[in-house]
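First the proteins, then the strands, lettered A, B, ... as listed; each starts at 1.
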Amino acid sequence: VSAVPGAAGAGDIGAVGDVGRFGSGRAVRRIEDAALLRGQGCFTDDVNPPGQLFAAFVRSTVAHGRIAGIDSEAARAMAGVVAVWTGADLAAAGVQPIALAPAFKRPDGRPMTAAPRRALAHEVVHAVGTPVALVVAETRAAARAAADAVVVEVDERPAVVDALAALEPGAPVVWDEAPDNVCAEACYGDASAAAAAFDAAPHRVRLRIVNQRLAPSPMEPRSVLAWMADGRLQMRLSSQMPTAVRGGLAASLGMKPEDIHVVVGDVGGGFGMKTGIYPEDVALGFAARALNRPVKWQAERLEDFLAAVHGRDLVSDAELAFDGDGRVRALRVRSWANVGAAATTTGVVIPLLLGPWVVTGVYDIPLIDLRITAVLTHTNAVGAYRGAGRPEAVFLMERLMNAAARRLGLDPAEVRRRNMVRPEQMPYTNAMAQVYDVGAFEKILDQGLALAEWGGFEDRQAASKARGRLRGRGIATFLEWTGGNALEETVTVDVTADGFIELTSATMPMGQGIATSYAQLAVDVFGVPIDRIRVLQGDTDRANGFGSAGSRSLFTGGSAVSVAAGRSVEHGRELAADALEAAAADIEYRAGRFTVAGTDLGIGLFELAARQPQRRFSVTDKATAGAPSWPNGCHLTEVEIDPATGVVEVVAYASVNDIGRVVSPVIVQGQVEGGAVQGFGQALCEQVVYDRDSGQLLSASFMDYALPHADVFRGFKTAFDTSIPCKTNVLGVKGVGELGTIGATPAVVAAVMDALDRAGHGDAPKRCRCR
Amino acid sequence: MPLVTLQLNGRQAEADVPASTLLVELLRGPLALTGTHVGCDTSQCGACTVLLDGRAVKSCAVLAVQADGRAVTTIEGLAGADGAPHPLQEAFSACHGLQCGFCTPGFVMSAAGLLAAQPQPSEAQIVHALEGNLCRCTGYVNIVRAVQQAAATMAGGAT
């Protein structure tokens with residue numbers, strides 16, 4: 001286990017100075033911090049162009065119904081109101097719903113289907129919070145007041161908010177093209193072979209497992225500013241995927257992508273929620289184009305709870321067949337994913353593909369039988385939330401492993417150990433045909449057990465008992481797929497006369513510190529101080545690509561930074577050869593200076609740039625990872641439960657994480673620990689709740705939706721094994737953004753169940769109060 | 001419309017605003033100080049925290065007219081007159097106490113209010129003082145460490 005330099009206890013991270021301290025692997029201060037700490041960040045709502053108008057949405061207050069009429073006369077007459085549009089107006093103007101990619105089929109062979117995802121609902125509303133009308137006014141207050149004055153008449157109809165209820169005969173139908181409420185279905189594996197394995201198995205475990213619906217809840221709610229300039233639509237918004245937004249706007253508004261310019265400044269957290277295009281984005285683009293004035297919409301938190309995508313919401317019946325030696329012979333899972341009404345492609349792909357890819361995880365499971373049904377309900381759309389499919393799958397498998405340990409009378413670590421894929425099996429192809437390039441899962445397990453002092457638990461339990469507390473421990477061993485299978489990134493490196501190296505990338509910052517990691521990689525190549533590096537992101541006129549999601553940025557974009565920076569130095573060598581009248585082969589580069597070998601003749605990197613016609617030299621290059629990366633870990637936690645109140649307190653959390661080579665040690669530690677606290681949220685306190693009868697959202701504010709607070713837990717022991725570099729990208733790095741979230745939920749739930757089990761409460765349901 | 005006059009970050013500032021205007025709306029709008037953020041609509045998240053006469057308040061829960069004639073310090077006013085970062089700003093960077101940075105001004109101002117009232121807070125006092133601020137990125141670990149480090153710096157101790 002390698003300790004983390006500059007981490008827990010070290011306190012301070014070096015300031016700018018010695019170049020050697022700022023390359024990859026070093027603990028550096030983030031280049032993002034100075035502006036953010038002085039209130040000089042540039043979030044979308046911080047930008048206020050002259051003549052700006054404000055948008056407010058009228059949203060459906062019922063879960064399901066036919067729009068009988070919308071009376072906006074009073075609203076239009078109010079002071080400051082500039083325009084009011086309804087879904088009928090937008091449909092008449094040719095605005096198209098956001099397309100659903102036919103990624104899967106329904107059981108009857110027809111393409112997957114869902115209620116149309118319109119900028120404004122037309123004729124029918126399918127979920128509480130669906131935008132129904134758009135008001136634009138001179139001030140935010142006027143827009144809100146006028147939105148309140150729009151009268152929407154809806155013939156309310158019965159609604160269904162639960163996936164299993166939606167599949168029952170006679171359930172309210174969400175969308176006419178899916179009278180059975182089935183959006184799509186996917187099956188994997190060999191059902192008959194798995195059935196034979198189950199029939200022959202001496203031991204089986206079977207569980208109903210619920211991954212409840214969550215609200216991603218980045219602290220900056222969604223935000224959009226749209227305007228026209230030079231005949232092009234300009235969009236500034238808080239997004240992880242500017243290019244996808246541009247494409248979605250073009251498709252819905254009937255424009256060419258090149259006639260749209262998407263700009264993203266600071267993003268106040270994404271966690272998957274800010275991937276892709278939203279109905280409100282389309283509505284704002286339409287309004288700015290129609291009015292030829294800047295129009296801004298800043299979501300209220302309520303609107304984010306109602307209409308920004310939710311995550312998870314997967315119910316599974318899952319079972320494992322074991323042989324007499326405690327080895328898994330087969331996995332069988334039947335899952336139902338609640339994808340909402342106006343489903344997103346992402347929201348279907350996550351449960352139907354991404355989860356299955358990793359469901360066997362670090363275990364060598366030869367046979368699978370998976371069937372996953374995406375179900376339409378009268379709820380908000382589900383989309384990506386940190387982990388996106390992997391937390392659900394890993395939670396399911398780890399719950400099964402714990403149940404198996406109890407059934408087989410084995411230590412939870414032992415049943416895992418017996419089933420792990422071994423290093424000599426690498427590259428290993430899992431039952432979903434996913435190929436792990438490297439991995440030493442048992443080694444990570446052993447390091448985790450040591451770090452957590454797993455063997456000393458009984459003493460700690462006795463100490464807890466003496467204080468009247470129940471104590472339990474939980475373990476999760478897991479891996480995840482990263483990269484979104486978008487494995488190519490392009491980076492432009494500009495060396496400028498004013499003394500900067502600019503890296504331009506289509507990947508996006510949203511708090512993960514990717515600019516700092518890129519800068520460190522550039523320092524490796526150029527040998528200049530880190531304050532000479534600038535990172536430019538979030539501008540579709542400069543760079544386009546997949547954006548940032550699925551822990552992909554470092555191993556794709558970082559690889560491209562490294563490759564393009566190397567090419568930049570090579571290009572500089574040729575320019576320096578011309579400038580110094582020497583052969584390129586004789587030019588050496590070191591720490592910002594080209595020299596003729598064996599002489600005093602030389603020229604500085606930036607001076608060389610100043611001599612070029614554009615006063616800079618520019619190189620664009622790309623890197624393509626050969627495959628996803630497979631970070632993995634062993635996360636162990638202990639909880640105490642107050643038996644009088646049921647309050648659960650996390651009291652220990654140790655994790656060993658195999659993330660390959662580390663570029664920014666402080667950042668990766670922050671990703672794992674911050675991510676783990678999000679996992680605590682799923683384990684202990686967070687849940688999106690719709691009323692089963694009315695379809696009303698009951699958890700629509702931070703008063704009702706319980707995020708972890710500062711008192712949650714701070715005693716992390718976090719370690720990284722950097723000895724197993726990824727073989728499929730030039731850096732050897734693996735994605736790190738989601739490991740904490742994926743590992744924490746099963747570990748904490750296991751610890752709670754273990755505490756209850758030890759207290760004689762058996763396999764109690766996981767419902768406890770968050771501390 | 002009422003005229004509101006503030007002693008804002010050490011300088012006088014004034015604006016005519018509707019009586020229903022919240023302090024945060026005055027700051028972000030007419031006074032163009034966008035470092036103070038709005039992250040919720042129920043006074044839970046604390047991203048809008050500022051100092052009002054030296055006490056940390058959620059500026060979404062204060063009317064602009066209630067701040068009339070009083071001293072308001074925002075994140076923009078925390079650095080020294082020479083531009084040197086406040087020990088809290090320094091410590092948040094040194095301890096990696098921020099990721100996306102949206103909640104950060106609120107945490108820094110809550111901590112500033114705490115340290116003004118209690119220069120040597122215990123860890124429990126820090127956690128209690130930050131109870132009204134939400135962060136989704138960091139898990140709070142490094143935020144608490146940053147406040148501890150800033151308190152030590154301000155007390156003249158080791159950094």
Side-chain angles (χ1 to χ4, degrees), chain A residues 8 11-13 15 29-30 32-43 45-46 48 140-141 216-221 266-271 298 300-302 509-513 666-667 669-671 673-678 680 701-703 707-714 716 740, chain B residues 18 20-21 25 28-29 32-42 44-45 47 74-79 85-86 88-96 98-105 108 123 126-145 149 158-159:
Chain A
D12 201 0
I13 306 168
R29 291 198 187 194
R30 300 193 323 164
E32 296 90 340
D33 289 354
L36 293 170
L37 277 163
R38 288 171 181 267
Q40 291 162 356
C42 186
F43 299 92
D45 194 37
D46 298 341
N48 294 291
R140 196 166 270 166
S217 305
M219 293 319 300
E220 181 205 24
D266 285 314
V267 174
F271 312 119
Q298 171 60 60
E300 296 181 9
R301 181 58 60 180
L302 170 64
M510 63 257 192
Q512 81 280 45
V666 177
I667 286 175
Q669 183 171 0
Q671 288 295 306
E673 295 176 2
V677 170
Q678 289 191 357
F680 295 172
S701 81
F702 287 135
M703 288 190 288
L707 292 193
H709 282 241
D711 63 350
V712 57
F713 175 68
R714 287 177 307 287
F716 289 98
Chain B
S20 61
T21 303
E25 293 172 332
R28 289 186 54 82
L33 290 180
T34 55
T36 302
H37 297 150
V38 179
C40 75
D41 42 23
T42 52
Q44 248 75 42
C45 81
T74 68
I75 189 72
E76 291 93 341
L78 206 58
H86 185 278
L88 277 163
Q89 291 167 316
E90 176 73 10
F92 269 70
S93 179
C95 297
H96 188 30
L98 68 157
Q99 291 186 20
C100 82
F102 189 81
C103 72
T104 308
V108 170
E123 184 172 350
I126 293 170
V127 168
H128 182 69
L130 299 178
E131 185 63 28
N133 293 77
L134 289 172
C135 170
R136 190 59 154 166
C137 296
T138 65
Y140 306 97
V141 182
N142 293 338
I143 291 176
V144 174
R145 278 179 55 222
Q149 177 170 316
T159 54

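Taking OG1 of B/Thr104 as the start and CD1 of B/Ile143 as the end, the distance is 6.5 Å to the nearest 0.5 Å. Between the CG atom in B/Asn133 and the CD atom in B/Glu131 there is a gap of 9.5 Å [rounded to 0.5 Å]. B/Gln99 contributes atom CD, which lies 8.5 Å from atom CD1 of A/Ile667 (distance to the nearest 0.5 angstrom).
When atom types are taken as modelled, the side chain of B/Tyr140 and the backbone of B/Val127 share no donor-acceptor pair closer than 3.5 angstrom. Side chain of A/Arg30 to main chain of B/Ser93: no donor-acceptor pair is present (N/O by atom type, distance under 3.5 Å, no hydrogens or angles). Using a distance-only test at 3.5 Å, with no hydrogens or angles considered, no donor-acceptor pair links the side chain of B/Gln149 to the main chain of B/Ala91. Side chain of A/Arg714 to backbone of B/Arg145: no donor-acceptor contact under 3.5 angstrom is found. Checking side-chain atoms of A/Arg38 against main-chain N and O of B/Glu76 turns up no donor-acceptor pair under 3.5 Å.
In this structure, chain B has no heavy atom under 4.5 Å from any part of A/Asp266. Contacts between A/Gln512 and chain B at a heavy-atom distance below 4.5 Å are absent for every atom of the residue. Of the two parts of B/Pro85, the backbone and the side chain both hold a non-hydrogen atom closer than 4.5 Å to a non-hydrogen atom of chain A. Contact of B/Ala79 with chain A is made through the side chain alone, with heavy-atom distances under 4.5 Å. For a residue to count as touching a neighbouring chain, one of its non-hydrogen atoms must lie under 4.5 Å from one of that chain's; by this rule A/Phe271 touches chain B with the side chain only. Contacts of A/Glu220 with chain B are made by both backbone and side-chain atoms, with heavy-atom separations under 4.5 Å. Both the backbone and the side chain of A/Met703 come within contact range of chain B, judged by heavy atoms closer than 4.5 Å. In this structure, chain B has no heavy atom under 4.5 Å from any part of A/Pro509. With a 4.5 Å cut-off on non-hydrogen atoms, B/Leu134 touches chain A through its backbone and its side chain both.
Among the candidates B/Glu123, B/Glu25, B/His128, B/His86, the residue making the largest number of heavy-atom pairs closer than 4.5 Å to chain A is B/Glu123. When the candidates A/Val267, A/Val677, A/Asp46, A/Asn48 are compared by the number of heavy-atom contacts under 4.5 Å with chain B, A/Asp46 comes out ahead. For the set A/Glu300, A/Met510, A/Gln678, the count of heavy-atom pairs under 4.5 angstrom toward chain B peaks at A/Gln678.
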